[in-house]
Amino acid sequence: FPVTIRSLGKLAAKGPRLEKVGRDIYGKLGDVYDSVKKEAAELPRLGGDESQKLIDQFTDIQTSLLKTPKAAPDKKAAIDFIQDAIENISNKGTTPEELINFYQDINRSVNWNKIHNGKKVLAQLKEPIIKTLKETAPELAEKFELNNKLYQKFAQLSEKIKPGVTDQLLHQGP
């Protein structure tokens, strides 16, 4: 037990430095996202077949969410969000850059935690985007997936070392 307190004390003393390193890492990840988006912006629009596959997959996900007499507000927001995407792709097609932006917007669009099986639906919605990117721009898809994984790891780590956490642990006592 005393070793744990001592270790936490060392970690707490490094708090400001860890926070700066965290900000630097976050900035670098943002730079990588920007370079991936720039690369995606140079790619052409998807063909009709690829767009139709996306529409079909999004429609299947939306249909599964619609199996209710009245959707709760968060579920309705998800249904509407997916419907807007389907309509946009149907009307004008899409590009790899737009798919990357959509992938990132999905997390911010709806409170997926408030929907029954929301995390599963979220994953189902992201899957066709990654699959389409892999089929149309494999190198871009690889960079995008790697950056997403790095960002997820960073987010998990930053939650554990955010300011105040070590202080709370030290002051709680046995």
Side-chain angles (χ1 to χ4, degrees), residues 22-23 25-162:
R23 282 193 308 271
I25 291 169
Y26 185 77
K28 299 281 186 218
L29 288 172
D31 292 346
V32 175
Y33 266 127
D34 289 344
S35 73
V36 169
K37 286 181 181 183
K38 283 179 187 173
E39 187 177 328
E42 296 173 9
L43 297 172
R45 296 191 86 65
L46 299 182
D49 289 344
E50 288 117 356
S51 293
Q52 190 58 51
K53 279 189 220 174
L54 271 174
I55 291 168
D56 292 344
Q57 291 171 321
F58 290 163
T59 300
D60 289 344
I61 296 164
Q62 183 188 40
T63 300
S64 71
L65 291 172
L66 284 168
K67 293 182 179 179
T68 181
K70 172 131 176 78
D74 291 301
K75 191 174 198 179
K76 176 143 179 35
I79 292 166
D80 292 345
F81 182 76
I82 296 167
Q83 181 60 39
D84 288 347
I86 291 168
E87 288 175 10
N88 287 335
I89 295 170
S90 293
N91 293 333
K92 63 179 183 100
T94 192
T95 65
E97 180 184 23
E98 289 171 348
L99 289 178
I100 288 172
N101 290 334
F102 180 63
Y103 185 100
Q104 292 177 318
D105 289 344
I106 290 170
N107 289 336
R108 295 180 210 111
S109 65
V110 175
N111 186 347
W112 296 96
N113 291 324
K114 290 193 173 187
I115 298 173
H116 178 67
N117 290 329
K119 293 282 187 184
K120 182 179 175 186
V121 174
L122 178 62
Q124 289 172 339
L125 197 53
K126 289 181 172 184
E127 186 179 313
I129 297 168
I130 294 295
K131 186 176 179 185
T132 300
L133 289 174
K134 283 181 179 179
E135 291 171 359
T136 58
E139 289 180 25
L140 176 72
E142 187 177 326
K143 290 176 190 175
F144 183 62
E145 281 190 299
L146 177 61
N147 203 54
N148 284 335
K149 288 177 185 171
L150 290 172
Y151 184 82
Q152 288 171 348
K153 295 290 183 190
F154 171 75
Q156 290 170 352
L157 177 64
S158 66
E159 290 235 343
K160 291 181 176 26
I161 61 169
K162 65 184 173 186

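Since this is a predicted model, take the numbers as computed values, not measurements. All heavy atoms count here, side chains included; hydrogens, waters and symmetry mates do not.
Every residue meeting the side-chain hydrogen bond (donor to acceptor under 3.5 Å, both in side chains) condition with Gln83, not counting sequence neighbours, appears here in chain and number order: Gln62, Glu87. By the side-chain contact (heavy atoms from CB on, under 4.5 Å) test, Asp60 pairs with no residue at all, sequence neighbours left out. By the salt bridge (Lys or Arg N to Asp or Glu O under 4.0 Å) test, Lys134 pairs with Glu145, sequence neighbours left out. Residues that satisfy the side-chain hydrogen bond (donor to acceptor under 3.5 Å, both in side chains) test with Ser51, not counting sequence neighbours, are absent from this structure. Gln57 pairs by the side-chain hydrogen bond (donor to acceptor under 3.5 Å, both in side chains) definition with nothing, not counting sequence neighbours. Taking the side-chain contact (heavy atoms from CB on, under 4.5 Å) definition, one finds that Glu142 meets it with nothing, sequence neighbours left out. Judged as a side-chain hydrogen bond (donor to acceptor under 3.5 Å, both in side chains), and not counting sequence neighbours, Glu50 has no contacts. Remark: Phe102 engages Phe58, Phe81 in a ring pair (Phe, Tyr, Trp, His ring centres under 6.0 Å) (not counting sequence neighbours). For Thr59, the side-chain contact (heavy atoms from CB on, under 4.5 Å) test picks out Ile55, Thr63, Ile86, with sequence neighbours left out.
Residues Ile106 and Trp112 come closest through the heavy atom pair O-NE1, 2.8 Å. For the residue pair Pro96 and Ala40, the shortest heavy atom distance occurs at C-CB, 4.0 Å. Closest approach of Leu65 and Ala78 over heavy atoms only: CD1-CB, 4.1 Å. The nearest pair of heavy atoms linking Ile61 to Val121 is CG2-CG1, 3.9 Å.
Within the 4.5 Å cutoff, the side chain of Leu46 has heavy atoms near those of the Leu54 side chain. With contacts defined as side-chain heavy-atom distances shorter than 4.5 Å, the pair Thr136/Leu43 does not qualify. The shortest distance between side-chain heavy atoms of Leu122 and Val110 does not fall below 4.5 Å.
For the atom pair CG (Leu66) and CD1 (Ile79), the distance works out to 4.5 Å, reported to the nearest 0.5 Å. Taken to the nearest 0.5 Å, the CG atom of Asp56 stands 10.5 Å off from the CD1 atom of Ile89.
In terms of modelled atom types and a separation under 3.5 Å, the side chain of Asn147 and the main chain of Lys143 share no donor-acceptor contact.
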Would you please test Glu135 and Lys53 for side chain to side chain contact (heavy atoms under 4.5 Å, CB included) and show each step? CA-CA 12 Å; Glu135 291 171 359; Lys53 279 189 220 174; 3.7 Å; yes
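Residue pairs meeting the side chain to side chain donor-acceptor pair (under 3.5 Å) criterion with at least one member in residues 99-110, sequence neighbours excluded: Lys37-Asn101, Lys37-Gln104, Asp105-Arg108, Asn107-Lys126. Screening residues 66-78 for side chain to side chain donor-acceptor pair (under 3.5 Å) gives Lys76-Asp80 as the qualifying pairs, with residues at least two apart or on separate chains. Listed by first and then second residue, the salt bridge (Lys or Arg N to Asp or Glu O under 4.0 Å) pairs involving residues 93-104 are Arg45-Glu98, Lys92-Glu98 (not counting sequence neighbours).
With no hydrogens or angles considered, no side-chain donor-acceptor pair links Asn148 and Gln152 at under 3.5 Å.
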